[in-house]
Amino acid sequence: MTVNPGFGHQQFIHTTLPKIRRVRGMIDERTQGCEVEVDGGINAATAPLAVAAGSHVLMAGTAIFNESETVTAAMDRLRAGIQLWQQLQPVE
Amino acid sequence: MDKGLVKLAPSILSADFIHLGQQVAEAEQAGADRIHIDVMDGHFVPNLSMGPSVVQSLRRVTRLPLEIHLMISTPDLFFDEFVEAGRIPSLFTGKAMPMCTAQSNASRHWVNVPEWSSTWRPLRQCWTKSFRTSIKCWS
């Protein structure tokens, strides 16, 4: 959880990022193919942070279902944000 | 797992409930990987949301995995009902947060074993096992 559970429309809690990284590390030490999902406050701005921390399943509510754009447009925008961030990463 | 591939799980808590089926269908068309359903009981968390009947209805409009987030004080009492309603390929609860184990194992069982009758047993084992070995990642 990256917000306090109970309600939508909440702001991403940034102090969860080190926890995601730590969980990702703990999992990678033990097994492969295990997903870490983040739940809460995910939008085009916070999604890349969660992905960078090691989460590859993003739950998004308001960022996808909102009145200002269609579901398709919102999902495209979210994916575009993540892709842009991935492209900006230095190649290992 | 391909680390570059990011999966999206739209949460219907923010959807327009008048057009819920339509919005979920649109999310599926737009490439959603699963549909996230927040179940709240007003006790475990300070809000009320939806129950198995919504899950049952959504099962009719999408073939995507339904991800049931049980934020309820008695998940064991409702587990079977949700499994029956959604033929759940993945499930996790708030308290123990066994999401990693539960999801990866459960998805595999669901995909490999299409028959409902034989699906829920491994799911249940996975569920109980997850509870014991869960990793807490509460905010």
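Chain letters run A, B, ... following the sequence lines, proteins first, then strands; residues in each count from 1.
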Okay, A:Thr31 and chain B: the region with an atom under 4.5 Å from a heavy atom over there is neither
Under 4.5 Å to a heavy atom of chain A? For B:Leu13 that would be side chain
- Query: Same cluster or not: are A:Leu88 and A:Val51 linked, directly or through other Ile, Leu, Val, Met, Phe, Trp or Tyr residues, by side-chain heavy atoms under 4.5 angstrom apart?
  - Reply: no
Requested in this report: Indicate, with yes or no, if A:Phe7 and B:Met40 share a hydrophobic cluster defined by side-chain heavy-atom contacts under 4.5 Å among Ile, Leu, Val, Met, Phe, Trp and Tyr.
Outcome: no
| So do the side chains of B:Gln29 and A:Met75 get within less than 4.5 Å of each other, counting heavy atoms only? | no
When the 4.5 angstrom heavy-atom criterion is applied to A:Ile20 and chain B, the contacting part is neither
Nearest heavy-atom contact between A:Phe65 and B:Gln23 is CD2-OE1, 3.2 Å
- Query: With no hydrogens and no angle check, is any side-chain donor or acceptor of B:Ser11 less than 3.5 Å from a backbone partner on A:Gly61?
  - Reply: no
Checklist entry - Any side-chain heavy atom of B:Leu8 within less than 4.5 Å of one from A:Ile42? => result no
Looking only at heavy atoms, the pair that brings A:Thr72 and B:Ala30 closest together is CA-CB, 3.9 Å
Subject >> A:Arg79 side-chain N/O to B:Gly31 backbone N/O, donor-acceptor pair under 3.5 Å >> reply: yes
| If you count the non-hydrogen atoms of other residues, nucleotides and ligands that lie under 6.0 Å from CD in A:Gln11, is the total more than 12? | no
Rounded to the nearest 0.5 angstrom, the CD1-NE2 distance for A:Ile64 and B:His36 is 11.0 Å
When every non-hydrogen atom of B:Leu5 is compared with those of A:His56, the smallest separation belongs to O-CB, 3.8 Å
When every non-hydrogen atom of B:Met71 is compared with those of A:Gly6, the smallest separation belongs to SD-N, 4.4 Å
ask   = Do B:Val6 and A:Leu58 have side-chain heavy atoms sitting under 4.5 Å apart?
value = yes
Answer yes or no: is there a side-chain heavy-atom contact under 4.5 Å between B:His69 and A:Met59? no
Chain A shares the most heavy-atom pairs under 4.5 Å, among B:Ala9, B:Ser49, B:Pro46, with B:Ala9
Check your understanding: With hydrophobic residues grouped by side-chain heavy-atom distances under 4.5 Å, do B:Val24 and B:Ile18 end up in a single group?
Key -> no
